[in-house]
Trainee: 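The structure under discussion is supplied below as structure tokens; questions concerning it will follow.
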Protein chains: 2
Amino acid sequence: MAIRPAEQLIHKAAWLYYAHGLRQDEVASQLNISRASVAMYLRKARETGIVNISTSTQLFTDDVMARRLEDAFDLGAVWIAPENAYLADPSTDIAVLAASVFLELVKKGDRIGVAWGRTVYTIADIMSYADLQDVTVVQLCGNLGAPYSYRPDQCTMEIARRLNAKGLNFYAPLVLSTEDLAQGLRAEPVIRDQLAGIADCDLALYSVGAVDADSHLVKCGALSAGEMEALRSQGAAGVIAGQIIDAKGEVLDCSYNRRVISAELASLRAIEKRLMVVQEDTKFEPLLAAIAGGLCTHLVVGAHMAERLLQHAGAASKKAS
Amino acid sequence: MAIRPAEQLIHKAAWLYYAHGLRQDEVASQLNISRASVAMYLRKARETGIVNISTSTQLFTDDVMARRLEDAFDLGAVWIAPENAYLADPSTDIAVLAASVFLELVKKGDRIGVAWGRTVYTIADIMSYADLQDVTVVQLCGNLGAPYSYRPDQCTMEIARRLNAKGLNFYAPLVLSTEDLAQGLRAEPVIRDQLAGIADCDLALYSVGAVDADSHLVKCGALSAGEMEALRSQGAAGVIAGQIIDAKGEVLDCSYNRRVISAELASLRAIEKRLMVVQEDTKFEPLLAAIAGGLCTHLVVGAHMAERLLQHAGAASKKAS
DNA sequence: ATGCAAATTTGACTTTTGTCGAGAGCCGTG
DNA sequence: CACGGCTCTCGACAAAAGTCAAATTTGCAT
């Protein structure tokens, strides 16, 4: 390499360009390098989080519907992604919004709990880089054994990477074959400490899974489609951090749940800010369950889902007008 | 106007451009407007604080000198603006850095105390816009009667405007002609409340003034050059929020100070983060006094001043090596 | 030492963005 | 209802930023 473009140099370029408002060629002559290099440094600066470009998510909360949702379900804050055939992919829109909201909620020194799933990974993937100091990202549940693209540890690490934060992975499988083994493993100091540390998080990021054959739990082989169906008839309403919850948002009493290594719901509820993001319209019931269980304080959904939620709330309260 | 380019539209454009990464012409076709309009919206979005571009000030604190200063003077954080003949105006560099640091320190819901002076106004002037919610900017001291460019209320309002925050001005003159009148005015409910509210601030921004004929106090006619000189011989070492302090950073016992309507130093010390910014090298002694008086926890200075401070600290501790 | 590989820098080119003045729509006023 | 004044919009041009392949430099292993 010619001269390692020390972080120092990138920083200087970014500083002159973004803070002082110089043009790239001015920066180039200040630093005695070519303008092309400056352009490259600036890209790096953005990718590293040395410069932060964030757009306010205000308008998505200012929405009337968002306010009504907050009231109806007693949520701290709701963001609604408009699905006005804006962009090619509406679910990307939700993820982009969620990433912005997430970055807005993170503060220096925070401890962040991250679950897994397609939604979480999508968010991690499009999230812009930031240079948070002293941030720790902890994995909320055990890993899936199978090599799978949206693995819990991947979600955790990717988000940690984007934030320039420390990632704390869970070195245990999500689900074990016997309850005894799971219990034993939970008692292991390493695991126990990690589980205990979850309640100390300041912020959690997760989605909720549906109880059907499309669930990642089935795709990863943690449960068969048949077992899933059976659980459904036993009252399973959704999946949170790898655990099956019922319609009230409580852990379902079943063998599977007892074999899982994951954050206790009580620990999750102890987290101040619980950001739940739901992309698919099909996850209506799981979301209701999660809300009922007090598992989310901050919610990001699409307009369509928001409407359904409001309708449901209206019907439930039986108040005409 | 043709169609008020509702904030909504600006926001949408900013969202598509900055969050989704579309090009301006793509945004234009999405929104069915010309690309030129998009460019204009985006500028407005930046000016309004709907989008935030901030560059990390990390590197300025990472400096070895900054660390040594923090240790030597027991400060929370120090930022040093390099004065390597980088830019035309070194003091602008300090102000730009200070503005970034300030924005980094502000949080939603904060209450911010702002003093006045050339430095503070310069910072306000170059500070980029932000869209903080529920932020209140309070004026730390009374106003100068004379129409003067760096008036306390101007500093307060300008910063409030940049932050999209509420500005709380002080409707009293900085200095009165008799001590009795000052005392009476301080007891006025409006004034008393404002003074009492200062200790509740989360963040303060000020500089320190020199005790000489160039002081704004002299230029505004609050004190004559002769009086200033006299105060100097009585031990005046600097000016904070319109008050004269001695070398220990305490309020100097003099008639002038008793006639001033301003934040008590105790209130200032009660503020968690006290950001002091010093541009001029001539303010060495005033700065020492302010530091001695515990009036700053966060400091932004130029490299030259930083060196002088370190030399002083080294000499004071008499430790060779 | 010497050469290879990787990474950085650069100049030239293309694409994207910023800006200006002209024009058009809206509003209050005479 | 015509008229200025105002702001917003658009097209066209100028400026700036992004990009690529080639050249250069450097680190490292042989």
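Fair warning: this is a prediction, and the values are worked out from it, not measured in the lab. Order of the sequence lines sets the chain letters (A, B, ...), proteins ahead of strands, with each chain counted from 1.
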Trainee: Within this structure, what is the CG-to-C1' distance between N32(A) and dT9(C), rounded to whole angstrom?
Mentor: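 Taking CG of N32(A) and C1' of dT9(C), I get 14 Å after rounding.
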
Trainee: Can you see which heavy atom on S207(B) is nearest to which on V120(B), and at what distance?
Mentor: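 Minimum heavy-atom contact is N-CG2, 4.1 Å.
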
Trainee: Among dT8(C), dT9(D), dG11(C), which nucleotide has an atom closest to any side-chain atom of M40(B)?
Mentor: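 Of all the options, the side chain of M40(B) is nearest to dT9(D).
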
Trainee: Identify which nucleotide among dA12(C), dT19(C), dC8(D) has an atom closest to any side-chain atom of K44(B), counting heavy atoms from C-beta outward.
Mentor: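 So the nucleotide nearest the side chain must be dC8(D).
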
Trainee: Would you say that V38(B) contacts L16(B) through its side chain, given a criterion of any heavy-atom pair below 4.5 Å between the two side chains?
Mentor: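 No. Closest side-chain heavy atoms not under 4.5 Å.
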
Trainee: Under 4.0 Å from OP1 or OP2 of dT19(C): is there any side-chain N or O of R43(B) that close?
Mentor: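 Answer yes for this pair, as a side-chain N or O of R43(B) is under 4.0 Å from OP1 or OP2.
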
Trainee: Give the rounded distance in Å between these two atoms: CG of L9(A) and C1' of dA7(C).
Mentor: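 In whole Å, dA7(C) C1' and L9(A) CG are 15 Å from each other.
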
Trainee: Whole Å only: how far is the CG atom of L22(B) from the P atom of dT16(C)?
Mentor: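 Going from CG in L22(B) over to P in dT16(C) covers 12 Å.
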
Trainee: Answer with base, sugar-phosphate or nothing: what part of the nucleic acid does I33(A) contact at a heavy-atom distance below 4.0 Å?
Mentor: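 Sugar-phosphate, backbone atoms only, no base.
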
Trainee: Tell whether R35(A) reaches the base of dG18(D) with its side chain through a donor-acceptor pair below 3.5 angstrom.
Mentor: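 Yes, the side chain and the base share a sub-3.5 Å donor-acceptor pair.
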
Trainee: One pair to check against salt bridge (Lys or Arg N to Asp or Glu O under 4.0 Å): R67(B) and E70(B). What are the steps and the verdict?
Mentor: CA-CA 5 Å; R67(B) 282 287 149 76; E70(B) 287 165 16; 3.7 Å; yes

Trainee: For dT10(C) and S37(A) - does any side-chain N or O of the residue sit under 4.0 Å from the phosphate oxygens OP1/OP2?
Mentor: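 Affirmative; the distance criterion is met.
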
Trainee: Whole-Å distance between dA15(D) C1' and E26(A) CD?
Mentor: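 From E26(A) CD to dA15(D) C1': 12 Å.
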
Trainee: In whole Å, I'd like the distance from the CG atom of L42(B) to the P atom of dT19(C).
Mentor: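 Result: 12 Å.
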
Trainee: Would you say the side chains of R151(A) and Y121(A) form a donor-acceptor pair under 3.5 Å?
Mentor: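 Y121(A) and R151(A) do not have a side-chain donor-acceptor pair below 3.5 Å.
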
Trainee: With respect to the phosphate group of dT15(C), does any side-chain polar atom (N or O) of Q24(B) fall under 4.0 Å of OP1 or OP2?
Mentor: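 Negative; the distance criterion is not met.
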
Trainee: Rounded to whole Å, please give me the gap between CG in L31(A) and P in dT10(C).
Mentor: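 About 11 Å, once rounded to whole Å.
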
Trainee: If you check the R23(A) side chain, which of dT10(C), dA16(D), dC10(D) turns out closest?
Mentor: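 Closest nucleotide among those given: dA16(D).
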
Trainee: Can you check the Y41(B) OH to dG18(C) C1' distance for me, whole Å?
Mentor: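 One finds 16 Å between C1' of dG18(C) and OH of Y41(B), rounded.
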
Trainee: Are K44(B) and E47(B) close enough, and set up right, to give a salt bridge (Lys or Arg N to Asp or Glu O under 4.0 Å), and what steps lead you there?
Mentor: CA-CA 5 Å; K44(B) 256 180 191 165; E47(B) 283 170 358; over 6 Å; no

Trainee: Tell me: CZ of R46(B) to P of dT17(C), nearest whole Å?
Mentor: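 So the two atoms are 11 Å apart, to the nearest Å.
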
